[in-house]
Amino acid sequence: MDEDNSLLHFLETPSKHYSKTCDGFESQNDGGDDHSDSSDTDPSNARERLEHLLNQPANKFCADCGTPDPKWAALPFGAFICIKCSGTHRSLGVHISKVISVNLDEWTDDEVNCLANSGGNATVNTRYEAFLPENYKKSREDFATEERATFIRKKYELQQFVTDPQFACPLRKPGSNKHRNQQHSSSKHGTFRNSWRKKDHDHKGVKKMMEIGMVEFVGLIKVDIIRGINLAVRDVMSSDPYVMIILGHQSMKTKVIKNTLNPIWNERLMLSIPHPVPPLKVQVFDKDTFSADDRMGEADVDIQPLISAAREYQSSMNTESAQICTFLASENSILVKDSVIAIVDGKVEQEIALRLQNVEHGELEIKLECVPLSQ
């Protein structure tokens, strides 16, 4: 039975495996008194268990390229990875690989359980590199971004090394015969022509994803969405606002706050910083149920000065808090008030009050933190 379950793990999509693994632990923790003690929710306990996993021999090197001292983890697979490989994992999308920082994020007990249950790097590579061809070049520390991205996609997203190619065959999902028969019976009505269009569309999608995976990442940016002030009305008397941030091909959004023009999110989002560095696009929307979401303003933030400051701080010996530079607000700028890049508790941060553009009125307060590549 264990072997059957292991095979099913190979054949499931990463998102299904992630949901099944993590949801299983959540249901265990909610299902009885045996899991009700404070240790299950104690962050320090989760941190101790995480450090124990990190100290295992195989976990001291990146599962994908062998770089020493990995500081990131891909939760669905249970792999400890380096920051360069984490950029490619992020480009796969959170439905395939959810990347969490060992040092920068607070780990929950459920997340550590997911990681521990997967067995660490040794087990991950045994599974996902089981049939890696002898003449195939596995990703190494000195690999270019394109080569690294190609290997990681084949390993995790396509799972090309999970089964022996000699015995590989297309998998049929329940009901696939019915679907195939429906396609055959409807071919007289243009299904054949549409299938070519679909293939062309899929090819373009794969090409776009490969282009995303070949982007070189120079670090991470943490975006704290704090609050909105006097946002525009998009419903009868109020709005249901949420914020979306976009950096290159990546995007993330906050939760929706119902029925308010002065929402408080206090929510942290994190994106990889691609090279060359594009502006950080911040957009506010009103959530609608039966129609497209309404725009409530936007702003483009130049994050290059923050990145430059973080690099300078990283190479310096300064450990004291200090202001690095100040950007002055004006009536014609997107700044509501002066914005300062500063060193605070060893972090390079910038607090920004944005005047939203292309809207009647509205402000958005955010805080940025740049995490250099070496962290």
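The CG atom of L50 lies 9.5 Å from the CD1 atom of I100; values are rounded to the nearest 0.5 Å. Taken from CG in D288 to CG in D294, the straight-line distance is 4.5 Å, to the nearest 0.5 Å. S97 OG to L75 CG: the interatomic distance, rounded to the nearest 0.5 Å, is 8.5 Å. To the nearest 0.5 Å, atoms CD (Q160) and CD (E157) are separated by 10.0 Å. In this structure, I246 CD1 and Q283 CD are separated by 4.0 Å, a value rounded to the nearest 0.5 Å. Interatomic distance, CD of E267 versus CG of D224, reported as 10.0 Å (0.5 Å rounding).
V102 places a side-chain heavy atom less than 4.5 Å from the side chain of R47. Counting heavy atoms from C-beta outward, R90 and L220 have side chains that approach closer than 4.5 Å. Looking at E141 and C82, their side chains never come closer than 4.5 Å, going by heavy atoms from C-beta outward. Side-chain contact between D105 and M270 is present, with heavy atoms from C-beta onward closer than 4.5 Å. At least one side-chain heavy atom of Q350 sits less than 4.5 Å from a side-chain heavy atom of S339. In this structure, the side chains of L368 and V301 come closer than 4.5 Å at one or more pairs of heavy atoms. Taking the side chain as every heavy atom from C-beta outward, L54 and E51 approach each other to under 4.5 Å. Side-chain contact between F161 and Y136 is present, with at least one heavy-atom pair separated by less than 4.5 Å.
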As a quick check of understanding, evaluate side chain to side chain contact (heavy atoms under 4.5 Å, CB included) for M237 and N259, giving each step before the final call.
CA-CA 8 Å; M237 297 291 291; N259 194 33; 6.0 Å; no
Please lay out, stage by stage, how L247 and I303 fare under the test side chain to side chain contact (heavy atoms under 4.5 Å, CB included).
CA-CA 10 Å; L247 191 63; I303 61 173; 4.0 Å; yes
Check the pair S118 / R127 against side chain to side chain donor-acceptor pair (under 3.5 Å), numbers first and verdict last.
CA-CA 10 Å; S118 296; R127 289 172 177 170; 4.9 Å; no
Stepwise side chain to side chain contact (heavy atoms under 4.5 Å, CB included) test for F80 and V124
CA-CA 10 Å; F80 287 100; V124 168; over 6 Å; no
Side chain to side chain contact (heavy atoms under 4.5 Å, CB included) for T67 and C85? Distances and angles first, verdict last.
CA-CA 10 Å; T67 297; C85 290; over 6 Å; no
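Stacking of K253 on the aromatic ring of Y242 is recorded, both the 6.0 Å distance cut-off and the 45° axial limit being met.
Taking a 6.0 Å sphere around NZ of K222, one finds it holds more than 12 heavy atoms contributed by other residues, nucleotides or ligands. Shown here is H361, whose NE2 atom has more than 12 heavy atoms of other residues, nucleotides or ligands within 6.0 Å. For CG of N266, the number of neighbouring non-hydrogen atoms (other residues, nucleotides, ligands) closer than 6.0 Å is greater than 12. Q323 CD: 12 or fewer foreign heavy atoms inside a 6.0 Å radius.
When all heavy atoms are compared, the tightest approach of L335 to L328 is CD1-O, 3.9 Å.
A salt bridge links R234 and E360; the closest N-O separation between the charged side-chain nitrogens and carboxylate oxygens is under 4.0 Å. A salt bridge links K71 with D69; the closest basic N to acidic carboxylate O contact falls under 4.0 Å. Looking at E129 and K138, a side-chain N of the basic residue comes within less than 4.0 Å of a carboxylate O on the acidic one, giving a salt bridge.
Within the 3.5 Å criterion, the main-chain N or O of G297 finds no donor-acceptor partner in the side chain of N358. Checking side-chain atoms of R355 against main-chain N and O of S333 turns up a donor-acceptor pair under 3.5 Å.
Residue V162 forms a side chain to side chain contact (heavy atoms under 4.5 Å, CB included) with just one option from Y128, Y156, F131, and that option is Y128. Tested against D64 for a side-chain hydrogen bond (donor to acceptor under 3.5 Å, both in side chains), the candidates K84, R148, K155 yield a single pass: K155.
Between F77 and H89, the ring planes lie perpendicular to each other; the angle is over 60°, past the 30° to 60° tilted range.
Note on I341: it clusters hydrophobically with V223, by side-chain heavy-atom contacts below 4.5 Å among ILVMFWY residues.
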